[in-house]
Amino acid sequence: MLAVTRSNLVEIVKRALERMTFTFVETGEVRLADAIARACAHATIELRGPRSYLCSVSASVGMVQEVASGMLGCDADEVDPAKHGEAVVAELANVFGGELVIQMSTERDGLRIGLPQSAQVEQAAELGARAERDGVGAVFVLEIGELAVSLSRA
């Protein structure tokens, strides 16, 4: 099993967002807990294997609109975060989880990815706190919003 560091996670998320949504983000000096509290949608995905992990994704209204517009090829103001927020973060969790499986798996110790699950803010906050304590996490920022991504042991 290969370890993922904060810098690996940052690169995985940045590459995935650039590739799938043409969104270019920077990491921010924002605490995970603060970004999660401001988010409008949250999702988790389990990575199962000899060691299991949970990847959590939380996005603000602006980030949901920006990512969805990049994925769908529409204007950001055409995206209703209340209606589409959960689907957007679930898809991001799926993509980031898949990238993490590729990064972390070896021939001997493979990981399997679960299905993305919608999460409540309390669950996302707990996973963010765990990631700050014993895992990895980062907040990605655009002028219009934030995306919090964390990885912690399940």
Kindly compute the distance separating CD1 (I36) from OG (S58), expressed to the nearest 0.5 Å.
-> 4.5 Å
Can you check whether R153's main-chain N or O pairs, donor with acceptor, with R130's side chain at less than 3.5 Å?
-> yes
CE of M104 to CD1 of I102, rounded to nearest 0.5 Å, is 12.5 Å
How far does CG of L147 sit from CD of E66, to the nearest 0.5 angstrom?
-> 11.5 Å
If you take all heavy atoms of H42 and A124, which pair is closest and at what distance?
-> ND1-CB, 3.6 Å
Is R19 salt-bridged to E99, going by a charged N under 4.0 Å from an acidic O?
-> yes
Decide yes or no on salt bridge (Lys or Arg N to Asp or Glu O under 4.0 Å) for K14 and E18, but give the supporting numbers first.
-> CA-CA 6 Å; K14 282 183 169 185; E18 289 170 9; over 6 Å; no
Given side chains that start at C-beta, do those of V57 and I45 come closer than 4.5 Å, heavy atoms only?
-> no
Closest heavy-atom contact between M63 and L142?
-> SD-CD1, 3.8 Å
Which residues pass the side chain to side chain contact (heavy atoms under 4.5 Å, CB included) test with V95, sequence neighbours left out?
-> A16, M20, E91
Flag yes if more than 12 heavy atoms outside E146 fall under 6.0 Å of its CD atom; otherwise flag no.
-> yes
To the nearest 0.5 Å, how far apart are CE in M71 and CG in L92?
-> 6.5 Å
Report yes or no: do V64 and F22 belong to one cluster of Ile/Leu/Val/Met/Phe/Trp/Tyr joined by side chain heavy-atom distances under 4.5 Å?
-> no
From the list V141, L17, V67, side chain to side chain contact (heavy atoms under 4.5 Å, CB included) with V25 holds only for L17
Please report the shortest heavy-atom distance between V10 and A138, naming the atom on each side.
-> CG2-CB, 3.8 Å
How close do A148 and A35 get, heavy atom to heavy atom, and via which atoms?
-> CB-CB, 4.1 Å
Give, for atom CZ of F140 and atom CD of E26, the distance between the pair rounded to the nearest 0.5 Å.
-> 10.0 Å
Do S60 and R38 have side chains that get closer than 4.5 Å, going by heavy atoms?
-> no
Over all heavy atoms of both residues, which pair between Q65 and V79 is shortest? Give the atoms and the distance, please.
-> NE2-O, 3.2 Å
Determine whether L100 and L9 make a side-chain contact, defined as any pair of heavy atoms from C-beta on separated by less than 4.5 Å.
-> yes
Would you mind checking if D80 and K83 are paired as a salt bridge, meaning a charged N to carboxylate O distance below 4.0 Å?
-> no
Is the side chain of R6 donor-acceptor paired with the backbone N or O of V136 at a distance under 3.5 Å, no angle test?
-> no
Where do L32 and V139 land on the side chain to side chain contact (heavy atoms under 4.5 Å, CB included) test, with the steps shown first?
-> CA-CA 6 Å; L32 273 170; V139 177; 3.9 Å; yes
Can you see which heavy atom on G97 is nearest to which on I113, and at what distance?
-> C-CD1, 3.4 Å
Donor-acceptor pair between Q117 and T44 side chains, under 3.5 angstrom | no
Does some side-chain heavy atom of S69 sit less than 4.5 Å from a side-chain heavy atom of D75?
-> no
Here the gap from E46 atom CD to S56 atom OG, rounded to the nearest 0.5 Å, amounts to 13.0 Å
Q120, CD atom: more than 12 neighbouring heavy atoms under 6.0 Å | no
